[in-house]
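Scroll down for the structure; my scribbles are underneath it.
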Amino acid sequence: MLRMGFAEERVALVMRCISIVFYAVTINGSRGNAFKPTRGFRQGGPLSPFFFLMCSEGLSSLIRLAIKEGSKKGPTISYLLFADDCMLFGEATNGGTRILKDILREYERCSDQCMNFNKSTIFFSSNTTEEDKEDISNEMGVRCSTNMEKYLGLPNVVGRLKESFQNLKDRVKQRIEKWSTQLLSQGGK
């Protein structure tokens, strides 16, 4: 937070919110002994969305800086941040891979968050050679996606296939029909 320009007093206040937390578990109506968490801030806590926004803003700043510098020396990187996920888009080149890896290392150093490359996948466009795919996948330490995976129930790559969203449309239609039959009177239909 200090590296992002927050005042020291604000950082100290946030750190107090994190460091003075104690938990107690209630079992069968009896409260157990209080204990202090050892792993720091947990996902799902009331402040979690705010910390995610601060960290994602830090990542966004690093990417914007790389894009600004990249106009002089290399490829650009696009990104989407959603909930607690990040999707990065860039050129499948060794230079682009090094730039992306440098950004992620700097982000880890600044935020004390670690990338989980075991949960990450990399997807290549059809014009990327198998040799480049393997080199980049190994360089990043991320498994290469071999099939069309889904994100939040939707395909990652749609292209011109209009039926890609048919399942989603069917589910929404089914819920609306179910809702209307349960909640509207015959006169309201």
Side-chain angles (χ1 to χ4, degrees), residues 1-66 77-89 100-123 140-145 147-156 165 167-185 188:
M1 289 176 64
L2 290 171
R3 290 183 185 123
M4 290 177 65
F6 283 88
E8 287 186 31
E9 297 83 24
R10 181 69 48 115
V11 174
L13 180 64
V14 169
M15 291 308 294
R16 279 199 352 230
C17 289
I18 295 170
S19 61
I20 62 171
V21 172
F22 284 91
Y23 295 105
V25 179
T26 302
I27 301 174
N28 295 330
S30 299
R31 183 177 164 193
N33 294 333
F35 61 93
K36 189 173 184 170
T38 58
R39 296 192 60 192
F41 195 71
R42 303 291 285 178
Q43 184 177 356
L47 296 176
S48 180
F50 301 108
F51 286 115
F52 172 75
L53 289 173
M54 282 191 282
C55 289
S56 62
E57 180 58 33
L59 180 59
S60 295
S61 296
L62 289 171
I63 292 172
R64 282 193 304 270
L65 182 62
I77 299 167
S78 303
Y79 59 96
L80 293 171
L81 300 170
F82 180 74
D84 59 354
D85 294 332
C86 179
M87 297 176 86
L88 301 167
F89 306 91
L100 179 58
K101 199 161 187 176
D102 289 345
I103 290 169
L104 296 177
R105 273 196 208 115
E106 180 69 11
Y107 175 74
E108 286 179 342
R109 192 181 66 74
C110 292
S111 69
D112 289 331
Q113 292 186 331
C114 295
M115 300 293 129
N116 189 341
F117 292 110
N118 293 327
K119 287 185 175 180
S120 302
T121 58
I122 190 167
F123 181 81
M140 288 298 296
V142 175
R143 71 180 169 88
C144 182
S145 176
N147 60 351
M148 297 298 211
E149 296 183 14
K150 292 186 174 188
Y151 176 73
L152 298 176
L154 297 173
N156 283 331
F165 296 100
N167 183 33
L168 181 64
K169 287 169 56 178
D170 292 342
R171 286 176 35 207
V172 169
K173 184 178 178 183
Q174 193 175 35
R175 285 190 181 184
I176 289 172
E177 286 174 355
K178 190 176 184 181
W179 172 77
S180 65
T181 58
Q182 289 176 346
L183 301 176
L184 290 178
S185 66

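Note that these values count all heavy atoms, side chains included, but never hydrogens, waters or copies made by symmetry.
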request  = Could you pull out the closest heavy-atom pair between I103 and I63, with the gap in Å?
outcome  = CG2-CG1, 4.0 Å
ask   = D170: what forms a side chain to side chain donor-acceptor pair (under 3.5 Å) with it, not counting sequence neighbours?
value = Q166
inquiry  = Tell me the closest heavy-atom pair linking A24 and A34, and the distance in Å.
reply    = CB-CA, 4.3 Å
task = Mind checking salt bridge (Lys or Arg N to Asp or Glu O under 4.0 Å) for R109 and listing every partner two or more places apart, or none if nothing turns up?
result = E106
inquiry  = Checking R10 now: which residues fulfil salt bridge (Lys or Arg N to Asp or Glu O under 4.0 Å) with it, not counting sequence neighbours?
reply    = none
query = Can you name the residues that form a side-chain contact (heavy atoms from CB on, under 4.5 Å) with R64, not counting sequence neighbours?
reply = E57, S60, S61, Y79
task = Please report the closest heavy-atom contact between S120 and R143, naming both atoms and the distance.
result = O-CG, 3.7 Å
inquiry  = Please report the interatomic distance CG(L59) to CD(E108), rounded to the nearest 0.5 Å.
reply    = 10.5 Å
